Amino acid sequence: MNPQQAAAHLAFFRTVCGARGVRSTPQDQASYLEEPRGRFTGAALAVVLPGSTAEVAAVVQYAQTHGIAIVPQGGQTGLCGGALPDGSGRQIVLNLKRMRRVLALDPVEATVTVEAGCRLAEVQAAADAAGLWFPLSLASAGECQIGGNLATNAGGHNVLRYGNVRELCLGLEVVLADGRIWSDLKGLRKDNSGYDLKQLFIGAEGTLGVITAAILRLVPHPAQQVTAQVAVSDPAAALRLLGRLSGAVGEALTAFELMSAFSLELVARHFPDLPARQLETSPWSVLLELSGASSDAGLSDRLSQILDAALRAGEIRDAVVARNASQGARLWAVRNAIPDAQRREGPSIKHDIALPRARMAAFIGEMLPLLESRFPGVRPCVFGHLGDGNLHFNLSLPQGGDAQAFLDQRDALERLVHDRVVALGGSFSAEHGIGQLKRGEMARYKDAVTLDLMRTLKRALDPHDVMNPGKVLPDP
Ligand SMILES: Cc1cc2nc3c(=O)[nH]c(=O)nc-3n(C[C@H](O)[C@H](O)[C@H](O)COP(=O)(O)OP(=O)(O)OC[C@H]3O[C@@H](n4cnc5c(N)ncnc54)[C@H](O)[C@@H]3O)c2cc1C
């Protein structure tokens, strides 16, 4: 692309989105071209900030005609390099942050329709204002956008009860790779009239189209929530507790998080004001939450009885039930601080894995000694959504170790962890997606038929490969 062509493209984008909707200088683009962890950077012809679906459609149609690749971008919290352009400077970033209107809220249908650039926290606030609840809950809620959540099929703390965002989405509006607008914002809870097309775009990480709006399912606010932290000897005991709770309270169990002693030790060290020292002598802890629709559900007493029974049966070592909402929030603050505490501790190698829950304990029991024998001193920081069969199986730099020497072992460590996960019937990507980061794992672990089907869909919806090329699918 020569300078005249580049200038013509910029002029067109300015005509469509206005001068403030196009960032073309390195200073103005900088914050859009780097991922928070600093692992990926990119260069762009332009960062385009459309203000409406019509503007997105005009930009996408122009880009396809001129062979310009488009990288949809939300709040840049995906951490897999999926929302960043390559280093060529020929791609455009399409960030939807100006499209953040709540288009409709229907309390009878219990739905909210929003533009894709709405931050998750804004969607939650809109639901709250109507006396309803949007149960998608991520620590990144203040930055991530609902379009990014849908494009990554985000999970979070409440998946156990409410599912991933896929389960919370009733319809989408999408700008296709050729610039046409596909709209299905009816919000029907039942519609068997052909293929359920929205499912293609959810979790596609922007490789099949740009999500511009969504209609989302809301639920009643839980009238009562009880949070508890429970000390257990090992992950197998945590899973027994999960079974006991599920049997006793069913769907009232809304979160079940596992935390290793080391993950709590990091929080205690880096966030001394948080109550991470409770139960710290236990090798593993569970943070769990029960929610009830009616204020007289007596959940707190019910939970205490169940935990007493588990204690008497020798299944758990100790438990703290939060006496009120603010105590519960402080327990959650500890859990939510783990990723930051690990970052402050120094470099780490992260794995976002899923396994059948029944195999989780065997996996952890096998991996911890294996890692220590192959990589002496490595410090596993294991925590996450055990109730969903999803763990952050992260590895921190050995104490006093050389950071670069540790990071140089990334491939070997990933191979060890992911080979075992896949052999046990699990997945190397549970909720953070593939982006650029895990394309190699896609090539290694996905079977040929699956990859062939994915490529067939990609060709059908984006024959000129303009939608987020170089993401998700491995090179043929
Ligand atoms: C502290 C922290 C905690 C987190 N906790 C969780 C968690 O518990 N569960 C979880 O699932 N994730 C979690 N994440 C990861 C991240 O927040 C999610 O993946 C989130 O859904 C990404 O949204 P985003 O708007 O930041 O998307 P981005 O990072 O901007 O983009 C992610 C991908 O989506 C595509 N995309 C973005 N917007 C659109 C659009 N409108 N149309 C089409 N494609 C689009 C991009 O091209 C890219 O491929 C966490 C991240 C952080 C930093």
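Atoms within a ligand are numbered from 1 in the order they appear, just like the ligands themselves. Small disclaimer: the values here were computed from a predicted structure and weren't measured.
Looking at Lys471 and Glu205, no side-chain N of the basic residue comes within less than 4.0 Å of a carboxylate O on the acidic one, giving no salt bridge. The existence of a salt bridge linking Arg335 and Glu257 is confirmed by a sub-4.0 Å separation between a basic side-chain nitrogen and an acidic carboxylate oxygen. The pair Asp475-Arg439 meets the salt-bridge criterion, with a side-chain N (NZ, NE, NH1 or NH2) lying under 4.0 Å from an Asp/Glu carboxylate O. Using a cutoff of 4.0 Å between basic side-chain nitrogens and carboxylate oxygens, Asp452 and Arg455 are not scored as salt-bridged. Checked for salt-bridge contact, Glu441 and Lys446 miss the test: no charged N lies under 4.0 Å from a carboxylate O.
A centroid separation of less than 6.0 Å is found between the aromatic rings of His9 and Tyr62.
Close contacts of ligand 1 with Gly206, meaning ligand atoms under 4.0 Å from a residue heavy atom, involve 43 (C), 44 (N). Which parts of ligand 1 touch Leu96 is read off a 4.0 Å heavy-atom cut-off, strictly below it: atoms 41 (N). Near Glu205, meaning under 4.0 Å from one of its heavy atoms, ligand 1 places the atoms 35 (C), 47 (O), 49 (O). Within ligand 1, counting atoms from 1 as listed, the ones closer than 4.0 Å to a heavy atom of His385 are 8 (O).
A heavy-atom separation below 4.0 Å is not found between His157 and ligand 1.
If you check each of Gly147, Gly209, Gly156 against atom 43 (C) of ligand 1, the one with the closest non-hydrogen atom is Gly209. Of all the listed residues (Ile146, Ile211, Asn468), Ile211 holds the heavy atom that lies closest to atom 40 (C) of ligand 1. Scanning Thr212, Thr77, Leu136, Val165 for the heavy atom closest to atom 53 (C) of ligand 1 points to Thr77.
In terms of modelled atom types and a separation under 3.5 Å, the side chain of Asp106 and the main chain of Ala110 share no donor-acceptor contact. The closest donor-acceptor contact from the side chain of Ser348 to the backbone of Lys350 lies at 3.5 Å or more, if one exists at all. Side-chain atoms of Gln29 do not come within 3.5 Å of backbone N or O of Pro26 as any donor-acceptor pair. For Glu345 (side chain) and Leu266 (main-chain N/O), no donor-acceptor pair under 3.5 Å exists by modelled atom type.
In this structure, atom 24 (P) of ligand 1 lies nearest to the protein heavy atom Gly75 N, 3.4 Å. Of all protein heavy atoms, the one lying nearest to atom 27 (O) of ligand 1 is Gly148 CA, 3.6 Å. Thr152 OG1, 3.5 Å is the protein heavy atom nearest to atom 19 (O) of ligand 1. The protein heavy-atom contact nearest to atom 35 (C) of ligand 1 is Ala151 CB, 3.6 Å. When only non-hydrogen protein atoms are considered, atom 2 (C) of ligand 1 lies nearest to Ser140 CB, 3.9 Å. For atom 31 (O) of ligand 1, the nearest non-hydrogen atom of the protein is Ala83 CB, 3.6 Å. Protein heavy atom in closest approach to atom 28 (P) of ligand 1: Gln76 N, 3.6 Å. Atom 47 (O) of ligand 1 has Pro72 O, 2.6 Å as its closest protein atom, hydrogens excluded (heavy atom only).
Using bins of under 30°, 30° to 60° and over 60° for the plane-to-plane angle, the ring pair Tyr445/His418 lands in the perpendicular bin. By the 30° and 60° cut-offs, the orientation of the rings of Phe383 relative to His392 is tilted.
By the 4.5 Å heavy-atom criterion applied to side chains, Asn394 and Ile349 are not counted as neighbours.
Under 4.0 angstrom from ligand 1, there are no non-hydrogen atoms of Lys471.
For the atom pair CG of Leu331 and CD of Glu289, the computed distance is 10.0 Å after rounding to the nearest 0.5 Å.
For ligand 1, the polar-atom distance check finds no N/O of Leu79 at less than 3.5 Å from any of the ligand's N/O atoms. Distances between N or O atoms of Gly78 and those of ligand 1 include at least one value under 3.5 Å. Ligand 1 has no nitrogen or oxygen under 3.5 angstrom from a nitrogen or oxygen of Ala154. Checked by distance only, ligand 1 and Ser137 stay at 3.5 Å or farther apart across all their nitrogen or oxygen atoms. Inclusion of Cys144 in the set of residues having an N or O under 3.5 Å from an N or O of ligand 1 is not warranted. In terms of polar-atom proximity, Val71 is not counted as a contact of ligand 1, lacking any N or O under 3.5 Å from an N or O of the ligand. Checked by distance only, ligand 1 and Ala116 stay at 3.5 Å or farther apart across all their nitrogen or oxygen atoms.
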